Amino acid sequence: MFTQTADQDLLETTTEQYLAATFPPERIREFARRDSTFDATLWKRGAELGWTTLLVPEAAGGGSVSGNGLADLLAVAFQFGRHAAPGPLIGTNVVAAALGRWGSGELHGGPLAQLLDGDATAAWAHAPRMGSCASAVVRAARSGDGVVLDGTAPLVESGAPKGYLLVAAGADEDGARSHYLVPFDAPGVRISPLGGIDLVRRHQAVTLREVVVPAAYRVGEPGTADVHDEVLLDLAAVLQAGEIVGAMERAFDLTLRWTRDRYSFGRPLGSYQEIKHRMADLRTQLEASAAVAEKAARHVGEDRPDARSWASAAKAYVGRVGPELVQDCVQLHGGIGVTFEHDLHLYLRRATLDAQLFGTPAYFAERVVRLVEADMEEGA
Amino acid sequence: MFTQTADQDLLETTTEQYLAATFPPERIREFARRDSTFDATLWKRGAELGWTTLLVPEAAGGGSVSGNGLADLLAVAFQFGRHAAPGPLIGTNVVAAALGRWGSGELHGGPLAQLLDGDATAAWAHAPRMGSCASAVVRAARSGDGVVLDGTAPLVESGAPKGYLLVAAGADEDGARSHYLVPFDAPGVRISPLGGIDLVRRHQAVTLREVVVPAAYRVGEPGTADVHDEVLLDLAAVLQAGEIVGAMERAFDLTLRWTRDRYSFGRPLGSYQEIKHRMADLRTQLEASAAVAEKAARHVGEDRPDARSWASAAKAYVGRVGPELVQDCVQLHGGIGVTFEHDLHLYLRRATLDAQLFGTPAYFAERVVRLVEADMEEGA
Amino acid sequence: MSAIAQDGAALEDVDAFAARARAWLAENMPPADPAKDTFFLHAATHPADEEVLARAATCRELQRRLFDGGFAGICVPRQYGGQELTPAHQTAFNREIKGYDYPAEIQASTFIPCMAVLLEFGTEEQKLRHIPRMLRGEEIWVQLLSEPGGGSDAAGAVTSATRDGDRWLLNGSKIWTTSGWWGDWALCLARTNWDVEKHRGLTVFSLPMSAPGLQIRQIELVNGSKDFCQEFLTDVVVPDADRIGDVDAGWSVMTRWLYHERTISGGSPYVTGGGNRPNAGPYELAALIEAARRLGTIDDSTTRALIGEAQTSSLVLRALVESVTHKMATGSLPHHAAAMPRLFGGTANARRAAIATELYGDAGVVWAPDDEIAAQVGLGYLIRQAACIGGGTTEMARNVIAERLLGMPREHRADTSAFRDVPRGPRASGAH
Amino acid sequence: MSAIAQDGAALEDVDAFAARARAWLAENMPPADPAKDTFFLHAATHPADEEVLARAATCRELQRRLFDGGFAGICVPRQYGGQELTPAHQTAFNREIKGYDYPAEIQASTFIPCMAVLLEFGTEEQKLRHIPRMLRGEEIWVQLLSEPGGGSDAAGAVTSATRDGDRWLLNGSKIWTTSGWWGDWALCLARTNWDVEKHRGLTVFSLPMSAPGLQIRQIELVNGSKDFCQEFLTDVVVPDADRIGDVDAGWSVMTRWLYHERTISGGSPYVTGGGNRPNAGPYELAALIEAARRLGTIDDSTTRALIGEAQTSSLVLRALVESVTHKMATGSLPHHAAAMPRLFGGTANARRAAIATELYGDAGVVWAPDDEIAAQVGLGYLIRQAACIGGGTTEMARNVIAERLLGMPREHRADTSAFRDVPRGPRASGAH
């Protein structure tokens with residue numbers, strides 16, 4: 001769907017081949033019955049394909065294939081969406097990006113290297129919301145050489161047994177917060193699994209009780225967490241949009257084939273004009289979604305001044321039309337489309353999950369307006 | 001469109017015949033070029049048909065044909081919508097209802113009698129809004145036997161030269177307000193005409209500068225204006241819904257005929273399935289709009305406990321789908337549908353005006369929620 | 001108010017009947033639990049098979065109580081175990097039974113369409129054999145109608161019935177059979193002639209769901225529901241005595257079958273209750289408002305607009321159903337007008353699921369294991385199109401409105417030749 | 001970077017050309033007024049006829065300046081008054097001219113499609129006669145293409161051309177002619193053969209808009225605009241020498257005509273500028289935000305959602321146009337893909353008008369006489385479907401996407417017999 005360099009095409013193709021072979025739909029349904037969907041070997045192989053390094057500067061051990069690592073990763077996310085694949089792709093990459101940009105040397109040598117190698121995964125505790133209910137609330141206090149963290153992160157992604165959580169914490173609720181990296185196996189970290197809509201991408205609630213992390217596990221200068229969360233949110237929004245576009249593409253493709261193969265009253269379903277026009281609408285939405293996701297990946301990946309508007313528009317638009325497109329595909333399939341054994345719901349689940357986590361489409365539409373207002377202030 | 005008694009059918013038929021003869025579309029377009037669209041003779045004749053008495057108790061000189069005057073008037077409003085007819089139908093009836101219910105004997109004998117006879121018309125200054133900008137703001141102060149009014153009503157309907165304004169005014173802005181009836185020809189009343197979307201239903205801004213009205217021109221007990229405005233708003237909402245349904249019905253009808261008569265690529269437009277399905281959607285919206293308007297008229301007209309929810313739902317729904325239905329009719333007509341000489345825009349203008357005045361559809365959706373919340377409070 | 005029955009005996013006055021029913025119900029029937037919502041598609045924590053069977057047993061028992069009390073089959077002739085009263089009596093009874101538990105889940109498909117079809121097309125022997133058992137709760141009937149390749153085209157059935165002496169051999173597959181796995185008997189549509197236009201080669205049969213060669217598979221839906229079944233018929237033997245209606249005249253049976261099926265929304269004299277409004281779960285207005293309060297978004301105008309939209313459209317649907325029902329009854333709208341509430345209801349229900357998902361945000365896609373209402377929002381969203389598919393798609397409703405109500409030109413049909421030659425596409429034979 | 005012209009002379013280097021253009025423009029062309037929006041449909045206070053004529057005169061004069069400066073017809077052969085340079089030169093010039101006023105309003109239809117069609121299909125004599133005048137701003141050309149009964153079906157033209165010796169008599173009516181009342185010449189599609197399939201009986205002619213028998217009527221649109229015209233042709237005489245292309249071969253001309261018309265969104269070597277983004281009036285994001293502030297609703301989340309939607313969809317449209325243009329240029333999408341941005345743009349623009357109306361509330365339907373922006377909101381809403389109609393309806397775009405891009409089955413056509421026998425419906429002859 002995207003205009004890419006030959007190297008990006010290669011990355012996408014190898015990812016596609018690996019996911020198609022590893023996670024055919026029957027496998028996804030089978031995974032769904034398991035308690036844990038993380039497979040260390042499979043993830044490690046993904047890391048070898050390049051899934052974890054793209055947002056990390058070369059100096060920190062990463063590297064992109066085109067100079068714009070986010071644009072590279074967009075193709076990987078797209079394929080994750082097309083296969084509704086398990087694996088903490090977005091969280092791990094977002095946290096790796098944070099560590100690569102703002103992490104200490106100690107973090108680069110330890111956790112970041114593990115993330116890049118596929119030996120560990122990471123989750124990001126940020127969960128922006130429209131309402132007055134905060135998401136993660138964590139307090140930080142100094143204690144000798146380390147920092148003591150107390151609080152909860154009620155909705156974070158599950159991953160490898162060896163994992164890290166990037167969480168913002170402040171001395172008091174309104175004060176400037178800093179990012180800390182918390183190993184999930186640190187004493188005082190309590191995890192409880194959550195239910196959810198996606199069959200294979202799982203989530204959990206995390207409680208921190210007097211969890212001590214070394215001072216070097218602060219990520220970025222003190223008080224920068226809120227600003228950095230916004231930067232990371234741009235990355236997450238683009239990657240989610242990429243996954244959703246993948247889910248849309250696969251659902252659309254299945255449906256186009258269905259309209260050819262399925263006959264109704266002696267005619268192919270696709271010969272009915274109403275069906276044709278709906279497919280035309282869906283195709284246009286798919287193209288528009290791919291276009292804005294790609295544009296956002298370009299602008300955010302290149303740190304352009306209007307990058308945040310593009311990232312927000314991408315999530316606002318793709319997050320809104322993506323699940324609706326898949327629902328229309330379900331409708332066009334009729335009864336079979338709401339059965340567990342048909343594949344469509346795999347893509348509906350993924351598109352819906354991505355649309356709602358890390359800020360809803362409505363949240364990003366609001367963010368677009370805030371950005372315009374800020375521009376007007378500056379202009380005035 | 002409505003299920004009616006024989007008397008209601010008769011009222012509707014005579015109204016229909018009169019409007020069709022008096023206000024054919026060409027006449028509406030001709031009226032549009034005039035400064036004033038009010039014709040005293042024509043309005044007087046309407047009053048004789050029964051347009052002005054239906055919301056007024058018999059004791060006050062009014063009378064309904066079915067026992068539910070609002071349901072009777074719904075049919076008249078429907079025909080006004082079908083003909084995009086001029087004339088201050090809604091304002092006059094709402095103010096007559098207020099005078100009939102809460103007005104003094106002096107008001108009954110004078111202004112109300114004039115309204116019922118068609119010798120005068122009336123406007124209602126209420127204009128509820130979602131935002132923080134108030135509409136009419138008027139201060140009232142006692143002065144001897146009378147009351148002095150100062151302030152503005154920035155958006156009220158135009159009508160007969162002999163006319164009245166029903167406006168809420170209080171001693172201070174937040175205080176309990178009372179309704180007053182202000183003759184447009186009272187000294188200190190200044191009127192400036194406004195532009196607008198409807199060709200024949202006109203509006204004006206009103207400024208009151210030390211306007212003195214007799215104490216008997218207060219309508220209702222002191223401090224009842226806000227409660228009464230809500231009651232009147234139910235009436236206005238139902239009547240606007242009725243007009244919009246009329247505009248929808250006419251636009252739909254024109255379009256259904258168009259899909260029969262118009263050929264495209266050798267086939268009638270109406271043989272294309274996409275067109276058929278859109279017409280099916282529009283027909284369903286039309287039926288649903290008529291149904292909820294009728295139900296609201298029944299419940300409000302009979303003062304049932306859930307009347308306000310029905311009135312609000314009617315305006316919220318019909319106000320939202322009405323103009324969109326007409327726009328879809330425009331689309332189905334193609335270029336001809338956006339020309340001044342085609343009739344469609346007459347109905348688009350009327351539907352849009354009604355949808356936005358006296359509270360937008362969004363305002364009424366919000367009102368629906370407030371009513372549910374109030375029920376929950378009571379239940380708790 | 002009194003009337004004379006066909007046999008000349010005076011019928012019980014409706015008011016007296018109602019009073020008698022009122023007293024009997026208070027004595028004999030348990031109260032309804034409005035929160036119980038076992039059989040509805042939007043339930044997230046779907047009942048286990050045992051729970052379904054337990055409920056079925058309760059239904060059988062409640063039906064038996066009605067029978068014993070003299071309130072089963074109110075409009076069914078006495079010789080088949082009914083009361084031989086009028087629709088007015090049934091309507092009165094349905095009014096009285098509000099607030100009581102009753103065998104709601106077996107009204108369809110046992111009484112409509114199955115019993116109704118038997119009454120119209122069954123032989124005397126068939127009626128005497130089955131209808132009393134139905135009324136006593138001993139036979140639950142299901143519909144073997146839809147087929148995997150069939151979609152909206154009921155007349156395109158390819159399940160075949162081949163004559164073999166005085167019996168028939170049925171082969172093929174049926175799908176979307178509600179209660180298929182716990183029903184006792186079925187009506188089944190099959191093709192008996194492939195050399196005529198599709199409507200003219202169909203025949204209706206009745207058969208026990210335990211018939212040899214009939215294999216039943218529960219279908220899991222995306223929300224975990226396993227109510228629907230698919231059946232595979234391999235040389236299933238049906239005696240000719242169990243045929244319903246004439247050979248190749250199945251479509252005239254089907255016309256009534258489909259008519260009776262549609263009366264589930266009102267108007268059938270054979271249905272008890274119809275009644276206790278099911279709890280809409282997370283979509284109840286109060287539930288939406290409480291959720292918004294919990295999420296801290298109740299003062300947000302976008303959230304309020306969503307809630308207002310949900311409530312508005314549920315009120316409009318109510319008004320539309322009432323108005324269209326009334327207009328059809330008085331003849332000011334043809335019966336095809338029923339497609340309008342179907343279309344409106346389907347899209348409104350689908351939209352309602354989207355509204356809840358938007359309102360819940362991330363709380364509607366990930367939830368604590370014990371947060372059943374959030375799970376209902378999430379799974380309800382996944383299954384939402386069922387509201388626009390089941391019982392005839394919204395697309396078919398639009399066709400009906402356009403062609404039958406508005407008189408717009410009919411779609412070009414490519415299936416008017418001998419059914420054998422009708423194109424059925426590359427995937428017509430497979431399950432999907 | 002240099003190239004060799006067809007006649008062997010070295011072409012000016014593009015960079016050098018751009019530098020020369022830059023200097024010349026600074027010297028000779030007036031700056032653009034971005035607020036000026038004279039010719040766009042959403043303007044509420046539509047220009048009076050005199051204003052339109054004044055602007056047309058300015059366009060003629062600016063075009064003449066370009067011609068005199070050696071910058072008109074950059075890709076047009078020298079013998080017809082052009083510069084005979086490459087599309088790269090035109091592109092460079094279009095880059096340089098940004099920020100200047102230029103004769104934007106006569107690029108279409110004078111240069112595309114009219115001049116482009118003449119270049120491809122005109123006789124040498126026709127080209128020598130008209131193209132230099134076009135380039136000097138002396139001949140403004142319009143398109144006599146659509147017909148009152150025609151809708152989306154360009155090939156269904158019923159305006160007839162009947163041979164009469166070495167001249168033709170044209171009879172019929174054309175509609176939706178932009179600038180019809182102030183243009184000088186026109187291309188006109190007419191039917192010359194009624195006994196063949198519709199595409200095979202058409203011929204293209206050229207004629208002066210002042211021709212006897214050609215009656216022009218301005219059409220008033222709902223927002224007061226009178227840009228479009230309808231023409232009535234009664235025995236209009238056209239010499240055979242003014243025919244463009246072969247008799248009955250009009251559809252091959254039309255294919256290119258329609259192609260060139262579409263290049264208005266980019267890709268034509270014959271268009272100058274293409275350029276200064278018109279002010280979107282009340283739909284500018286800043287204007288929407290200011291309106292919400294004025295109305296006291298800027299903190300209301302519903303209002304903010306509307307504004308966010310408007311901005312989001314304008315960004316998405318931009319991304320879509322860029323992406324599809326690029327994919328078509330590189331061949332990864334066929335040229336039919338252009339129907340996608342057309343569809344998205346049409347619906348997005350219509351929705352934008354609805355958003356503004358919702359945001360303004362009562363202030364968007366009634367306004368103070370001097371409140372031009374509110375009037376634009378109101379009248380813009382009335383005319384909003386023009387965005388989904390003009391330049392090919394969104395319905396046609398959906399057909400193209402489904403049939404051409406997705407390869408879905410083509411619609412059944414009832415117009416494949418001799419055109420004389422094609423059903424045209426009861427109202428085909430009237431204007432409407």
Side-chain angles (χ1 to χ4, degrees), chain B residues 1-3 130 252 256 259-260 267-296 298-299 306 309-310 312-321 361-373 375-376 379-380, chain C residues 284-286 288-290 292-293 298 301-327 329-330 332-333 337 339-348 394-412:
Chain B
M1 289 298 302
F2 308 117
T3 300
M130 302 280 282
F252 178 84
L256 184 59
T259 67
R260 284 194 198 122
R267 288 167 49 184
L269 209 54
S271 72
Y272 289 90
Q273 197 195 30
E274 201 270 341
I275 307 289
K276 287 161 62 180
H277 279 210
R278 271 159 77 180
M279 292 304 286
D281 279 327
L282 300 186
R283 179 66 183 83
T284 303
Q285 290 167 12
L286 172 61
E287 191 71 30
S289 296
V292 74
E294 180 179 339
K295 180 106 183 174
R298 290 233 170 106
H299 282 231
D306 52 355
S309 284
W310 283 106
S312 304
K315 177 74 190 276
Y317 179 74
V318 181
R320 190 166 57 78
V321 305
Y363 178 87
F364 282 95
E366 160 68 29
R367 196 171 184 238
V368 163
V369 180
R370 266 185 278 138
L371 293 167
V372 176
E373 285 175 323
D375 278 355
M376 286 169 72
Chain C
E284 289 286 338
L285 256 282
L288 289 176
I289 287 174
E290 271 157 24
R293 285 178 182 164
I298 189 62
S301 80
T302 310
T303 301
R304 297 179 70 81
L306 288 170
I307 299 170
E309 185 193 340
Q311 171 71 341
T312 296
S313 100
S314 112
L315 290 174
V316 174
L317 176 58
R318 233 169 90 193
L320 178 64
V321 168
E322 284 175 22
S323 161
V324 170
T325 304
H326 183 261
K327 286 179 175 179
T330 58
S332 74
L333 277 178
M340 291 194 289
R342 189 278 167 274
L343 172 60
F344 192 101
T347 49
T394 41
E395 286 79 12
M396 288 305 291
R398 288 191 183 95
N399 268 346
V400 169
I401 298 166
E403 297 179 359
R404 307 303 185 93
L405 202 64
L406 301 179
M408 299 178 81
R410 304 286 285 266
E411 276 305 293
H412 165 71

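Quick caveat: nothing in here was measured; it's all calculated off a predicted structure.
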Quick one: what part of C:Ile289 sits under 4.5 Å from any heavy atom of chain B, side chain, backbone, both or neither? side chain

Quick one: what part of B:Val368 sits under 4.5 Å from any heavy atom of chain C, side chain, backbone, both or neither? side chain

When only pairs under 4.5 Å are counted, which of B:Glu294, B:Met279, B:Arg283 shares the most heavy-atom pairs with chain C? B:Arg283

Name all residues meeting the salt bridge (charged side-chain N to carboxylate O under 4.0 Å, His left out) criterion together with C:Arg304; count only those two or more places apart in sequence or in a different chain, and write none if there are none. B:Glu366, B:Glu373

What's the separation between atom OG in B:Ser271 and atom CZ in C:Arg410, rounded to the nearest 0.5 Å? 14.0 Å

Donor-acceptor pair, distance only, cut-off 3.5 Å: does the side chain of B:Lys276 make one with the backbone of C:Asn399? no

Please state whether the side chain, the backbone, both or neither of C:Glu395 comes within less than 4.5 Å of a heavy atom of chain B. both

Heavy-atom pair with the smallest gap, counting every atom of C:Ser323 and B:Glu287: OG-OE2, 4.0 Å

Checking heavy atoms, do the side chain of B:Tyr363, its backbone, both or neither come under 4.5 Å from chain C? neither

Reported CZ-to-CD distance for the pair B:Arg367 and C:Gln311, which is rounded to 0.5 angstrom: 13.5 Å

Side chain, backbone, both or neither of B:Ala288 within contact of chain C (heavy atoms, under 4.5 Å): both

Per-residue contact mode, C:Leu288 against chain B (heavy atom under 4.5 angstrom): neither

Can you spot which of B:Asp281, B:Leu282, B:Thr284 makes a side chain to side chain contact (heavy atoms under 4.5 Å, CB included) with C:Ile401? B:Thr284

If you take all heavy atoms of B:Tyr317 and C:Thr312, which pair is closest and at what distance? CB-CG2, 3.8 Å

Using heavy-atom distances under 4.5 Å, tell me whether B:Thr259 contacts chain C through its side chain, its backbone, both, or neither. side chain

Where on B:Arg260 is there a heavy atom nearer than 4.5 Å to chain C: the side chain, the backbone, both, or neither? side chain

Okay, side chain of C:Lys327, backbone of B:Met1: is any donor-acceptor separation there less than 3.5 Å? yes

Considering only heavy atoms, which portion of C:Ile307 lies under 4.5 Å from any heavy atom of chain B: side chain, backbone, both, or neither? both

Contacting moiety of C:His326, where chain B heavy atoms sit under 4.5 Å: side chain

Of all the heavy-atom pairs spanning C:Pro409 and B:Gly270, show the shortest one and how long it is. CD-O, 3.3 Å

Dump the intermediate steps for side-chain contact (heavy atoms from CB on, under 4.5 Å) on B:Lys295 and C:Val316, then the final yes or no. CA-CA 9 Å; B:Lys295 180 106 183 174; C:Val316 174; over 6 Å; no

Contacting region of C:Val324 [heavy-atom separation from chain B under 4.5 Å]: side chain

